[in-house]
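Position 1 is the first residue of the sequence; numbering continues from there.
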Amino acid sequence: ARPDGNSYSLFLSDRWHFSPTAALQWGLRWDKQTYTQTRFKGQLSPRLSLLKELGMGLDLRLTWGRYHQSQPIQQLQVEDGLTEFFPAQRAVHWIAGVQYRSEADYRFRAEAFVKDYSRLKPRFENLFDALALIPELEPDRVRLDPESALAKGLELTVEYRGERAINWWMTWSWAQVSDTINGRKQWRSWDQRHAFQGGMAWQHGPWETGLALSVHSGWPTTGMQLGYDVEEDEYFPLPGVRNANRLGTFATLDFRVSRRFTTRNGEVSAFFEVTNASNRKNDCCVDYDTEEDEAGNVFLDRSVDHWLPLVPAIGVLWEF
């Protein structure tokens with residue numbers, strides 16, 4: 001529990017304009033961690049990005065890159081019984097995007113991406129309650145050892161960023177994120193098939209007001225069945241296939257207003273914001289309890305907990 005070691009990084013990048021309408025940006029990153037494990041080697045991460053102006057405000061961008069994420073020395077998971085560090089995780093990204101910029105300050109963007117993950121380290125999750133105060137002490141804590149993972153999706157965005165007092169944006173995305181564990185595909189707990197985000201911001205002098213809407217498909221969750229031990233004559237919980245079920249759709253509307261004050265001793269900003277202004281009940285967690293009816297039959301009672309309700313907040317920021 002007293003790791004000792006060093007971490008080194010080196011990054012090089014350059015941009016090459018090989019024509020008036022095209023540019024190639026490349027990068028090369030090298031990382032190495034020593035810590036207490038001498039078997040770890042360095043990681044080499046090349047990246048390439050091509051930008052091509054097609055004319056009439058239309059741009060094409062193609063990106064490929066290999067990325068590594070090492071385990072920080074302060075994140076040895078002793079709370080889950082781990083006593084060693086794992087090699088850096090690796091991911092390969094492919095991204096293709098098209099953007100159109102109109103003369104009226106509108107932008108339309110479409111992007112498709114694929115992210116292929118390998119050499120993943122184990123992680124721990126709670127099957128039913130992701131908001132437990134001390135998650136490693138809960139009985140639904142499980143260890144996941146994925147051999148690989150895959151994320152893919154499509155994102156469409158339209159926005160206005162101009163000289164008017166009001167700017168706005170809208171984004172819709174379709175995505176899938178899954179792990180391969182013991183040769184079987186399982187949805188990651190933050191997989192959301194459809195997602196929409198939109199908002200608007202108004203600014204006039206020292207005043208700023210913003211409104212944001214976020215909606216996405218329900219996150220995966222695990223079902224539960226009631227098993228019976230004949231020899232012990234007792235019932236026991238029997239989890240179903242991990243993340244085979246779905247929670248309800250998540251939606252939240254947030255609001256914020258702020259004002260800046262300039263003083264001799266710096267600038268002061270005061271704000272008022274409301275999270276989940278519609279006070280919507282969004283599913284977050286599932287509880288299971290064994291109950292008994294009047295006839296003595298034992299059954300499994302399922303209840304759904306929710307995220308935070310309407311939450312107002314005020315604050316003051318002084319910068320000097």
Strictly distance-based, threshold 3.5 Å: is any side-chain N or O of [X] a donor or acceptor partner for the main-chain N or O of [Y]?
{"X": "Asn126", "Y": "Pro135", "value": "yes"}
{"X": "Arg61", "Y": "Ser49", "value": "no"}
{"X": "Ser217", "Y": "His194", "value": "yes"}
{"X": "Asn243", "Y": "Gln186", "value": "no"}
{"X": "Glu147", "Y": "Asn182", "value": "yes"}
{"X": "Asn276", "Y": "Leu308", "value": "yes"}
{"X": "Trp16", "Y": "Trp26", "value": "no"}
{"X": "Asn279", "Y": "Leu310", "value": "yes"}
{"X": "Asp140", "Y": "Asp129", "value": "yes"}
{"X": "Gln71", "Y": "Phe86", "value": "yes"}

Taking a hydrophobic cluster as the set of Ile, Leu, Val, Met, Phe, Trp and Tyr residues connected by side-chain heavy atoms closer than 4.5 Å, whether directly or through intermediates, do [X] and [Y] fall within one such cluster?
{"X": "Leu213", "Y": "Phe255", "value": "yes"}
{"X": "Leu60", "Y": "Leu51", "value": "no"}
{"X": "Leu238", "Y": "Val298", "value": "no"}
{"X": "Ile95", "Y": "Val114", "value": "no"}
{"X": "Val257", "Y": "Val311", "value": "no"}

If you count every heavy atom of other residues, nucleotides or ligands that lies below 6.0 Å from [X] atom [atom1], does the total exceed 12?
{"X": "Gln225", "atom1": "CD", "result": "no"}
{"X": "Glu79", "atom1": "CD", "result": "yes"}
{"X": "Leu137", "atom1": "CG", "result": "yes"}
{"X": "Lys152", "atom1": "NZ", "result": "no"}
{"X": "Leu133", "atom1": "CG", "result": "no"}
{"X": "Arg15", "atom1": "CZ", "result": "no"}

Item to check | Short N-O contact, Arg143 and Asp145, less than 4.0 angstrom | outcome: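 Salt bridge between Arg143 and Asp145, a charged N being under 4.0 Å from a carboxylate O: yes.
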Geometric class of the [Y]/[X] ring pair [parallel <30°, tilted 30-60°, perpendicular >60°]:
{"X": "His204", "Y": "Trp202", "answer": "parallel"}
{"X": "Tyr35", "Y": "Phe85", "answer": "tilted"}
{"X": "Trp219", "Y": "Phe250", "answer": "parallel"}
{"X": "Tyr67", "Y": "His93", "answer": "tilted"}

Can you confirm whether the side chains of [X] and [Y] place a donor and an acceptor under 3.5 Å from each other?
{"X": "Gln99", "Y": "Glu111", "answer": "no"}
{"X": "Ser9", "Y": "Asp31", "answer": "yes"}
{"X": "Thr171", "Y": "Thr157", "answer": "yes"}
{"X": "Arg280", "Y": "Asn282", "answer": "yes"}
{"X": "Tyr228", "Y": "Asp233", "answer": "yes"}
{"X": "Asp254", "Y": "Thr252", "answer": "yes"}

Next on the checklist: With heavy-atom distances below 4.5 Å as the criterion, would you say the side chains of Lys121 and Ser70 are in contact?
Outcome noted: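 Not touching, per the 4.5 Å side-chain cut-off.
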Next on the checklist: Is the positively charged end of Arg123 above the ring of Tyr117, judged by distance under 6.0 angstrom from the centroid and angle within 45° of the axis?
Outcome noted: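 No; the conditions do not both hold, so Arg123 does not lie above the ring face of Tyr117.
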Item to check | Arg256 charged N/C atom sitting above Phe271 aromatic ring, 6.0 Å / 45° | outcome: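 Relative to the ring axis of Phe271, which defines the angle, Arg256 lies inside both limits.
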Item to check | Stepwise salt bridge (Lys or Arg N to Asp or Glu O under 4.0 Å) check, Asp191 with Arg246 | outcome: CA-CA 10 Å; Asp191 173 81; Arg246 291 274 173 173; 2.6 Å; yes
